[in-house]
A.B. asks: 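Before we start, here is the structure in question, set down as structure tokens.
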Amino acid sequence: MIKITAKPIDVQKVIDTASSLGAGAVNVFIGTVRDSVHNKHVRWLEYEAYESMAVAEIRMIIDEAAHRWQLQGWAVSHRVGTLKPGEVAVVVAVAAVHRKESFEACQFIIDAIKAKVPIWKKEVFEGGEAWVSANPPLVIHSN
Amino acid sequence: MIKITAKPIDVQKVIDTASSLGAGAVNVFIGTVRDSVHNKHVRWLEYEAYESMAVAEIRMIIDEAAHRWQLQGWAVSHRVGTLKPGEVAVVVAVAAVHRKESFEACQFIIDAIKAKVPIWKKEVFEGGEAWVSANPPLVIHSN
Amino acid sequence: MMNLKVFGVARDIMGGGEIALTDSIHSVGELKALLLNRYPKLKELNSLVIAVNQKYASDEVSVAETDEIAVIPPVSGG
Amino acid sequence: MMNLKVFGVARDIMGGGEIALTDSIHSVGELKALLLNRYPKLKELNSLVIAVNQKYASDEVSVAETDEIAVIPPVSGG
């Protein structure tokens, strides 16, 4: 399951989707909105996505991870819209036979999502706002 | 929260307990019962714990991790008793400011739990059973 | 006419999420040069990448009016 | 009398989760030697560790009847 959604993410449902009877280990990464960044109080975050391409990019990332770590199951859900501190922005869940693979695959996926997937966030503080400039997308295809 | 429990673990509750408004990242490890081990069909697992010492050992592990990775929150729940394939045996959840710390701390904690904490499991197969002999406890204290 | 989807900070700079260009443009490189010239604030970004048909594209990739073309400022998902 | 808590495969080998020893024992080393002699199947384990008052203890640690003493075979939690 790959989902870009404006509704609050049901973490348990993402985990259940990834789970598999053949897996002994599930690793889950949950990205949440912090209440302060660089000592400034965060009022809310605004996330937007180039949705169709974001889903396609996440699928490529998952395909690579699933093959490399022999995943038994996986699920990714990313929120868009306005998020308050404490809300869940992204959940990545992967199931693997053993725990080492589950950790490596989950970290690979969230690192790649942050580096490559066309999703953007704007931080809204008391008295100001700023687009977060985390990463240029790393992979450039030529045809 | 450190919990050794004979009741099914509520994963969402463990995550909620670990979560913190100051954290941007929560990493969760869920150990589940596989339906087969070494190509043998698993009927169920029996877990037992030296409960008071297990809690004390987990606390030492958490204290070290909390200090080393500046954790914003954490929770560990370990099941005992009879578990069928698909059931959750252990959940470790840690919250950190950034994701790298959350992954490292969570992996450190589950690795240490498996290596040191006095908990045992017996695998019951079709037509046989076996205590799992994973690890001698690694840390020996002298007085 | 070439239609651009524009996201994030680039949308703020270029003044809209859908921009129509009447210029004659044949490659990603030409498009980027035109955008940087027309919207100089884009030069302040860490990166400016063009996606063609939902794939990140290098400068030599050719573009036509029938392609889905997007302006991608630095991403910050997660 | 010294009471032992016994867990996992050691409980199966020693025949119970609570074992009372009437022998005179003063250290972890003495206790382990006695157990390995009395229950030879314990030698087949990858390890046999004694916990004294809920801490893993090395051979030179002294033990008394008032201590909480546990026999810890290889652990396999998680």
Side-chain angles (χ1 to χ4, degrees), chain A residues 2 4 9 29-34 37 45-61 76-80 83 88-92 106-107 109-123 129-143, chain C residues 2-20 25-33 35-36 39-78:
Chain A
I2 299 171
I4 309 282
I9 297 172
F29 177 80
I30 304 167
T32 54
V33 178
R34 280 187 287 161
V37 176
L45 260 57
E46 282 170 23
Y47 278 87
E48 68 178 59
Y50 180 8
E51 190 169 323
S52 54
M53 181 172 168
V55 170
E57 286 287 318
I58 293 171
R59 186 163 298 280
M60 281 194 284
I61 293 164
V76 173
S77 190
H78 201 300
R79 182 88 182 272
V80 290
L83 278 76
V88 172
V90 62
V91 180
V92 177
C106 190
Q107 188 153 19
I109 292 166
I110 186 64
D111 285 355
I113 286 173
K114 286 176 178 258
K116 292 185 199 178
V117 174
I119 299 176
W120 299 268
K121 63 170 163 267
K122 185 163 66 174
E123 292 165 344
E129 58 180 49
W131 287 98
V132 179
S133 176
N135 296 296
L138 290 182
V139 180
I140 305 292
H141 304 265
S142 54
N143 66 0
Chain C
M2 182 169 280
N3 292 300
L4 307 180
K5 292 174 182 288
V6 187
F7 295 95
V9 64
R11 182 163 44 73
D12 288 358
I13 292 171
M14 293 169 62
E18 299 275 348
I19 298 276
I25 291 165
H26 306 92
S27 72
V28 165
E30 282 179 34
L31 174 59
K32 282 169 70 172
L35 294 175
L36 291 167
Y39 307 98
K41 284 201 71 144
L42 292 176
K43 292 174 192 163
E44 296 170 17
L45 304 181
N46 288 343
S47 70
L48 185 71
V49 175
I50 302 299
V52 177
N53 299 325
Q54 304 183 13
K55 284 191 177 156
Y56 295 121
S58 53
D59 283 359
E60 67 276 15
V61 171
S62 58
V63 291
E65 293 187 357
T66 51
D67 290 322
E68 181 176 317
I69 300 170
V71 179
I72 311 279
V75 302
S76 52

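It should be emphasised that the depicted structure is a prediction, and the values quoted were computed from it without experimental measurement.
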A.B. asks: If you tally heavy-atom pairs under 4.5 Å against chain A, which of C/L45, C/V52, C/D12 wins?
C.D. replies: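 Heavy-atom pairs under 4.5 Å are most numerous for C/D12.
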A.B. asks: Is A/K121 reaching over with its side chain to a backbone N or O of A/L45, donor-acceptor style, under 3.5 angstrom?
C.D. replies: no
A.B. asks: Can you say whether A/Y47 sits under 4.5 Å from chain C via the side chain, the backbone, both, or neither, judging by heavy atoms?
C.D. replies: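 Only the side chain of A/Y47 comes within 4.5 Å of chain C.
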A.B. asks: Tell me, out of A/S52, A/A49, A/G31, who's got the most heavy-atom pairs with chain C below 4.5 Å.
C.D. replies: A/S52
A.B. asks: Would you say the side chain of C/V75 lies within less than 4.5 Å of the side chain of A/W120, judging by non-hydrogen atoms?
C.D. replies: yes
A.B. asks: Picking from C/G8, C/A51, C/A70, which has the most non-hydrogen pairs under 4.5 angstrom with chain A?
C.D. replies: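 Looking at each option in turn, the highest pair count goes to C/G8.
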A.B. asks: Mind checking what makes side-chain hydrogen bond (donor to acceptor under 3.5 Å, both in side chains) contact with A/E48, not counting sequence neighbours?
C.D. replies: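 Expected list: C/R11.
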A.B. asks: Who passes side-chain contact (heavy atoms from CB on, under 4.5 Å) against A/E46, sequence neighbours left out?
C.D. replies: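 Expected list: A/W44, A/T82, A/K122, A/V124.
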A.B. asks: Is there a side-chain contact between A/V88 and A/R79, using heavy atoms and a 4.5 Å cut-off?
C.D. replies: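 Not in contact.
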A.B. asks: Checking heavy atoms, do the side chain of C/N53, its backbone, both or neither come under 4.5 Å from chain A?
C.D. replies: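 Contact with chain A is absent: no heavy atom of C/N53 under 4.5 Å.
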